Amino acid sequence: MSEKEIISALKYVSRMKPEFMLSEMRNYIKSEMYTQEIYNIASSSFFDLGLDIVPVDDDFKVFRAPGGFIELSDREEQINEAFFRTAGVSRKLERLIEQFIEKKTGKDWDDPVILDRIRKAVVSQKADYWKSKGSRNISYEKGYDILGYLAYQFPVYFVQFQHILYGMAEDGLLKKRMKVLDVGSGPGTVPLAITDLYNRLEDNKALVHSIEMYDENIEAYNFLVPEYAGIKDKVDVREPEKIDIKKLDVGKLPENIDLMVFSNVLNEIKDLSNSEKAELVKEMSEKLNQNGSILIIEPADKVNSTEMRGLAISLKVMGLGIYSPCSFIWGSGCNPQGCWSFEQQEDIDPTRLMTRLAECDEPYRYINLDIKYTYVILRKDNLTRIKYRVSPKAKFAKLSKLGKHTGKRINVIASLMSGDLGDEKNHLFKICDGTSAKPVYAVLPGHNLTPENEVITNARYGSLLSFQNILVRYNEANDSYNLLLSKGSLVEAVEG
Ligand SMILES: C[S@@+](CC[C@H](N)C(=O)[O-])C[C@H]1O[C@@H](n2cnc3c(N)ncnc32)[C@H](O)[C@@H]1O
């Protein structure tokens, strides 16, 4: 009996019955087969057939999976908000990572010699990262490269990904049954983060396919991800495909992807220009469902952040739509040259491993808790997070016209494109309306904070705000504009 025949029999039976036992399939196929044999042949197809399957005694119950998008319940919101207040790596996952260190080294994870080697790996990885792009050679060939990554970068990236994913859940972008392709998976940060979040949601499931180039990363992935995902079985993970994405055969990727993720990957791909990366992502988007999302995340430093904005705009020009964080309220494209915009979140809790690594003369080298990242969500269906468009009659100045208004008080409407970049005296926020080639900042001196303008201090990144009665100043040193908020300025949330 071929796989094809079994799948078509499954399709037939599942159309007839919303729920059935897998053993019943034996009545619909010609050859004699055990239920377990049918399961083995069909197990990788249930997700695509829109079916859920659960073991029951010696058999399996098969039923139609719920369709559509996740709508968070009050309880799910409470649980997740509590998680994000003191977010970190769960004790179970921490322990799994410690066990991986023990497996790789044959010693206790906190053996002083092992800790010292991990410290060296962290230091050398950071030194590589900060080399200029041309001479950079970040490698994951040695076992300690991965241990250093798990100790230092992983905890932040793990929580960071959950912030973004949860934001997508709040926006109704995550499917109740979601097929994910994680590109450059490393030790499995993204599937581990998806597992963590889905374990805090009710009846929702994901299937994750991964691509990774280095054996050491794949080994870590295979140790950590299936075990962690298996705890609640909400996330089904496939073994990573060992692929260099520069040589990717897009035709061989899984079909009907709902979420395609590039988390801290594109900036590390050597020998590809930004336009070649854009072509690669565009080509891969063939495999994305019409209502699916592509999520690109990069570090927040100026070089990587500005490069990613350029990449996002290239993809927009190539026909993908930007869902967030950018909005195009004047209906124009934008000039991404030098656009440095990133999101910040609360610090994470350190892991036990990080704390132990920091018990040395230079603890600051091994503590990595702050979350800052650059991201973009792209779509094929041109859905946008911000729907607002400025009406021709509205009395707002475009940020591209600030030169004409310098020294005057005006009204503008723009998205909040940073956290608070200021100091004790002044709050400072990057804002953008998609028209200005020069950076624009809203400056709110602490003594001018009033209930009428304080909304800017707690608005969501990417949300749209209107500003009334603000003073335009040109900052010659930075070739940028500052919009000064006074006690009489009014800031209102418009959307998002
Ligand atoms: C900084 S790590 C990110 C890992 C994970 N996505 C995360 O967010 O923690 C970059 C990953 O990209 C992978 N990578 C780099 N170049 C690649 C290529 N040409 N093909 C496939 N993977 C690549 C590396 O092996 C590494 O796992």
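Order of appearance sets the numbers: ligands from 1, and atoms from 1 within every ligand. What's counted below: heavy atoms across the whole structure, side chains too, no hydrogens, waters or symmetry copies. As the structure is a prediction and not an experimental result, all values here were calculated from the model.
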Which atom pairs, donor and acceptor, lie under 3.5 Å between side-chain atoms of residues 414-424 and protein residues at least two apart or in another chain?
| unit_1 | atom_1 | unit_2 | atom_2 | d |
| --- | --- | --- | --- | --- |
| S415 | OG | S327 | OG | 2.8 |
| S418 | OG | K430 | N | 2.9 |
| D420 | OD1 | G422 | N | 2.9 |
| D420 | OD1 | L428 | N | 3.0 |
| D420 | OD2 | H427 | ND1 | 2.7 |
| D423 | OD1 | K425 | N | 3.0 |
| D423 | OD1 | N426 | N | 2.9 |

Validation row, ring centre [X] to ring centre [Y] under 6.0 Å:
{"X": "Y441", "Y": "F429", "answer": "no"}
{"X": "F342", "Y": "Y373", "answer": "no"}
{"X": "F60", "Y": "Y39", "answer": "yes"}

Hey, which residues fall under 4.0 Å of ligand 1 on heavy atoms?
-> Y140, Y149, Y157, G184, S185, G186, T189, E212, M213, Y214, N217, I243, D244, I245, S263, N264, V265, E268, I269
Going by atom types only, do D301 and N304 share a side-chain donor-acceptor pair under 3.5 Å?
->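 D301 vs N304: donor-acceptor pair found between side chains.
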F83 ring centre to R200 NZ or CZ under 6.0 Å, with the angle to the axis within 45°?
-> yes
